[in-house]
**Q** 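Okay, handing you the structure first.
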Amino acid sequence: MAAGATPTVTATTGMIADIARRLTGGEVTALMGPGMDPHGYRPTRSDILALSRADIILWHGLNLEAQFADVMADLSRQRTVVALAESVPQADLLADPAYADRPDPHVWFDPRLWSVVVDRAATVLAEAGVATEAPAQALRDEIAALDTYARQVLGSVPEPARILVTAHDAFAYFGRAYGWQVEGIQGISTESEAGLARITELVDLLVGRQVPAVFVESSVSDRAIRALIEGAAARGHTVAVGGELFSDAMGPDGTYEGTYIGMMDHNVTTIARALGGTAPERGMSGRLNAGT
Ligand code: ZN
C-alpha cells in the first residue's frame with residue numbers, strides 16, 4: 001500500500017461495512033448484501049478472492065459469521081483481520097441462552113455498544129493511516145441521537161405492549177437497552193428449526209397478553225411468524241404483521257435504510273408505530289421510505 005493511500009477494506013456484514021464507509025469516506029466491499037443471513041452464510045470463491053486482495057479485513061466476530069472462522073484464521077497470517085465486535089467488553093455481552101459459553105453476537109441493537117465497535121474500527125483504520133477522528137466523532141454523535149430517539153419513541157408505547165416478537169432471537173440487546181420483553185421463535189442462530197412447543201408457548205403469550213403485532217425479519221423466512229399468526233387466529237385473537245425489521249442485514253444498497261442509522265431508525269419507528277406508540281412516519285430525520 002502506498003503511503004497516504006486509502007487502504008482497501010473488505011467487510012463481512014453490511015453493518016460492519018457501514019462503519020468502514022463512514023470512517024474512510026470510500027468504497028467498502030460488503031460480502032453479505034441486503035437480506036442475507038450471516039449465521040448460515042458460507043464464503044464463496046469470489047468472497048475469498050475479495051478478502052485476499054484487501055489491505056484490511058473487518059468482520060463482526062462473536063460467532064456471528066460462523067462459517068468464516070477458518071477462512072479468517074488463514075487470512076490473519078498475511079493480512080490485518082479484525083473481529084470488530086469482539087471489542088465490546090465481556091461484561092456488556094449477553095450469553096446465547098442455548099449455549100452458556102457463547103456470546104449473543106447481535107450487539108448492534110444496543111447503539112451504545114455499537115459506538116464501542118466504531119471506536120475499535122477508528123483505531124484500526126487510524127493505524128493504517130486513515131484520518132478517522134472527525135468522521136468517528138460524527139458517527140458517534142449520530143448514534144447517540146439515534147439512541148435518544150429510540151428511547152423516546154419506544155417509551156411512548158404503552159407499557160403492557162412493550163413485547164417484541166420476531167422470527168429469531170436477534171433483539172436481546174435491544175430488549176436490555178430499552179426495557180422491552182423480546183421473544184424470538186428461533187434461537188440466536190437461524191440454523192436451528194423452531195419447535196412446535198416454542199410456537200405454542202408464543203401463541204399463548206400473544207393471546208394471553210393480547211399482543212397486537214409481531215414482526216418479520218428481512219433476512220429470515222417468515223414461515224414461523226405466519227404459524228404464530230394462524231395459531232393466535234385459531235384462538236380468536238387477531239395478530240397483525242407489524243412490519244419487516246432489519247435484523248441481521250441492512251436495507252437496500254444506496255438507500256437510507258441501507259445504512260446502520262437508517263436500519264435502526266426504520267426498526268424503532270416501525271416497532272413503536274405498530275404497538276401503539278407515537279413516532280413520525282418518516283422517522284427520526286424524515287428520511288425513511290424515501291427510496292434514496
Ligand atoms: Zn441473528
Side-chain angles (χ1 to χ4, degrees), residues 11-19 30-43 47 58-69 72 83-88 92-111 113-114 116-117 150 163-178 180-195 198-199 202 214-225 227-228 241-251 257-260 262-264 266-268 270-271:
T12 50
T13 70
M15 291 76 84
I16 293 290
D18 178 72
I19 293 180
L31 301 182
M32 301 174 201
M36 288 187 188
D37 174 4
H39 300 285
Y41 185 96
R42 287 175 191 283
D47 289 342
L58 300 177
W59 63 314
H60 185 86
L62 299 176
N63 203 43
L64 176 71
E65 313 98 317
Q67 313 297 332
F68 276 75
M72 293 302 186
L84 287 182
E86 292 178 5
S87 60
V88 172
D92 291 328
L93 293 176
L94 294 169
D96 179 336
Y99 306 92
D101 58 330
R102 279 194 210 162
D104 176 343
H106 304 88
V107 294
W108 57 94
F109 284 114
D110 181 344
L113 297 186
W114 201 238
V116 173
V117 177
I163 304 177
L164 180 64
V165 180
T166 60
H168 90 296
D169 265 335
F171 292 88
Y173 290 98
F174 169 95
R176 185 178 69 178
Y178 301 113
W180 279 53
Q181 180 179 345
V182 296
E183 301 287 348
I185 304 172
Q186 283 177 288
I188 293 280
S189 171
T190 52
E191 299 288 83
S192 59
E193 258 311 300
R198 180 64 177 148
I199 301 269
L202 286 177
V214 294
F215 298 86
V216 295
E217 298 176 35
S218 65
S219 54
V220 185
S221 155
D222 64 0
R223 205 176 49 215
I225 283 285
L228 278 191
V241 172
E244 182 183 72
L245 304 181
F246 299 116
S247 54
D248 292 3
M250 306 193 301
E257 289 83 350
T259 66
Y260 170 72
M263 81 181 265
M264 293 290 287
H266 167 89
N267 287 348
V268 298
T270 301
I271 293 165

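We number each residue from 1, following the sequence as shown. In each ligand, atom 1 is the first atom listed, and ligand 1 is the first ligand listed.
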**Q** At a cut-off of 2.8 Å, what protein N/O/S atoms sit near the Zn ion (ligand 1)?
**A** H39 NE2, H106 NE2, H168 NE2, D248 OD2
**Q** I'd like to know if the side chain of E65 and the backbone of H60 have a donor-acceptor N/O pair within less than 3.5 Å.
**A** yes
**Q** Looking at residues at least two apart in the chain, or sitting in another chain, which of them share a ring pair (Phe, Tyr, Trp, His ring centres under 6.0 Å) with Y173?
**A** none
**Q** Picking from D92, L64, L93, what satisfies side-chain contact (heavy atoms from CB on, under 4.5 Å) with P103?
**A**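 The residue from D92, L64, L93 that satisfies side-chain contact (heavy atoms from CB on, under 4.5 Å) with P103 turns out to be L93.
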**Q** Indicate yes or no: does R198 engage E183 in a salt bridge with an N to O separation below 4.0 Å.
**A** yes
**Q** Using the ring of each side chain (for Trp, its six-membered ring), is F68 parallel, tilted or perpendicular to Y41, with breaks at 30° and 60°?
**A** parallel
**Q** Strictly distance-based, threshold 3.5 Å: is any side-chain N or O of N267 a donor or acceptor partner for the main-chain N or O of F246?
**A**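 Side chain of N267 to backbone of F246, a donor-acceptor pair under 3.5 Å: yes, one is there.
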